[in-house]
K.L.:
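One structure is given below, represented as structure tokens, and several questions about it will come after.
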Amino acid sequence: MSPPRRYWLMKTEPDTFSIDDLQRVGTEPWNGVRNYQARNHMRAMRPGDGVFLYHSSCAVPGIAGLATVASEAYPDPTQFDRKSDYFDEKSTREDPRWSLVDVKFDRKLAQPITLEEIKAHAEDFGEEFPLIRRGNRLSVLPVTAAQWKQLLKLEKRA
DNA sequence: GCCAACGTTGGC
DNA sequence: GCCAACGTTGGC
């Protein structure tokens with residue numbers, strides 16, 4: 001029996017890598033995550049899991065599109081690359097510290113589900129929803145099936 | 001193991 | 001650009 005599909009939210013800065021970039025490349029190895037909690041969430045991902053792609057640090061922060069987890073977690077190659085910004089001299093190939101998954105483009109939302117809208121419906125998501133907790137900085141976070149459904153209801157169809 | 005200093009994130 | 005919140009580092 002296959003495990004149930006799970007859901008996640010992954011942040012990206014659109015100036016660096018946006019939903020349009022993901023659409024263009026199709027599938028992207030989600031490298032550069034250097035936070036243990038976020039890493040652990042990626043290690044829990046399974047191919048087929050649903051992903052909200054969230055644009056942060058931009059004019060209108062919010063969910064910009066949908067994607068799918070396209071691989072199991074595997075070692076992030078940039079941790080071994082001296083020339084990479086994500087190089088980690090303390091990581092070894094025998095015991096890699098950082099993991100990533102491949103993320104596959106699903107669709108771009110006609111209009112983003114903005115952080116403002118999400119906050120306005122905060123009561124639908126419960127107190128536990130990390131995205132709208134004060135000072136949240138986690139770049140990869142779990143979304144429950146109920147939250148996934150509720151959030152999609154906020155989408156304005158074209 | 002505590003905690004101050006520091007760096008980063010991310011909304012505004 | 002500001003600043004609050006948070007994670008990490010390193011001295012003790």
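Here is the naming used below: chain letters follow the sequence lines, and residue numbers restart at 1 for every chain. Values reported hereafter were calculated over all heavy atoms of this structure, with side chains retained and with hydrogens, waters and symmetry mates removed. Please read all numbers here as calculations on a predicted model, not as lab measurements.
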K.L.:
Figure out the CZ/C1' separation between Arg39(A) and dG7(C), and round it to whole Å.
P.N.:
14 Å
K.L.:
Figure out the CG/P separation between Leu138(A) and dT8(B), and round it to whole Å.
P.N.:
18 Å
K.L.:
Would you check, one step at a time, whether the test ring-ring contact (aromatic ring centres under 6.0 Å, His included) holds for Tyr36(A) with Trp98(A)?
P.N.:
CA-CA 8 Å; Tyr36(A) 288 104; Trp98(A) 304 113; 4.7 Å; yes
K.L.:
From the options dG10(B), dC12(B), dG7(C), select the nucleotide whose nearest atom is closest to the side chain of Gln37(A).
P.N.:
dG7(C)
K.L.:
Nearest-Å distance, CD1 (Ile132(A)) to P (dT9(B))?
P.N.:
22 Å
K.L.:
Looking at Arg107(A) and Glu155(A), is any side-chain nitrogen of the basic one under 4.0 Å from a carboxylate oxygen of the acidic one?
P.N.:
yes
K.L.:
Kindly point out which of dT9(C), dG7(C), dG10(B) is positioned nearest to the side chain of Ser57(A)?
P.N.:
dG10(B)
K.L.:
Given 3.5 Å as the limit, does a donor-acceptor pair link the side chain of Arg93(A) with the main chain of Phe80(A), or not?
P.N.:
no
K.L.:
Using a cutoff of under 3.5 Å, can you pull out all pairs of nitrogen or oxygen atoms linking the protein to nucleotides 1-3 of chain C, with atom names and distances?
P.N.:
none

K.L.:
From CD of Glu116(A) over to C1' of dG10(B), roughly how many Å is that when rounded to an integer?
P.N.:
16 Å
K.L.:
Taking the minimum atom-to-atom distance to the side chain of Tyr36(A), which one of dG11(B), dG7(C), dT8(C) wins?
P.N.:
dT8(C)
K.L.:
Rounded to whole angstroms, how far apart are CZ on Arg34(A) and P on dT9(B)?
P.N.:
12 Å
K.L.:
Between dG10(B), dT9(C), dG11(B), which nucleotide gets closest to the side-chain atoms of Tyr54(A)?
P.N.:
dG11(B)
K.L.:
Specify the separation, in whole Å, of atom NE2 of His55(A) and atom P of dT9(B).
P.N.:
17 Å
K.L.:
State whether Arg24(A) and Asp21(A) are salt-bridged, where the test is any N-O pair (Lys NZ or Arg NE/NH1/NH2 against Asp/Glu carboxylate O) under 4.0 Å.
P.N.:
yes
K.L.:
Could you state the CG-P distance from Leu131(A) to dT9(B), rounded to the nearest angstrom?
P.N.:
17 Å
K.L.:
Name all residues meeting the side chain to side chain donor-acceptor pair (under 3.5 Å) criterion together with Asn31(A); count only those two or more places apart in sequence or in a different chain, and write none if there are none.
P.N.:
none
K.L.:
Measure CD/Glu117(A) against P/dG11(B) and give the value in whole Å, please.
P.N.:
15 Å
K.L.:
By nearest atom, which of the nucleotides dT9(C), dG10(B), dC12(B) is closest to the Lys119(A) side chain?
P.N.:
dC12(B)
K.L.:
Under a 4.0 Å threshold between the charged nitrogen and the carboxylate oxygen, would Arg34(A) count as salt-bridged to Asp88(A)?
P.N.:
no
K.L.:
Is there a path from Leu152(A) to Leu115(A) through hydrophobic residues (I, L, V, M, F, W, Y) whose side chains come within less than 4.5 Å of each other?
P.N.:
yes
K.L.:
Counting only side-chain nitrogens and oxygens, does Lys11(A) get under 4.0 Å of the OP1 or OP2 atom of dG10(B)?
P.N.:
yes
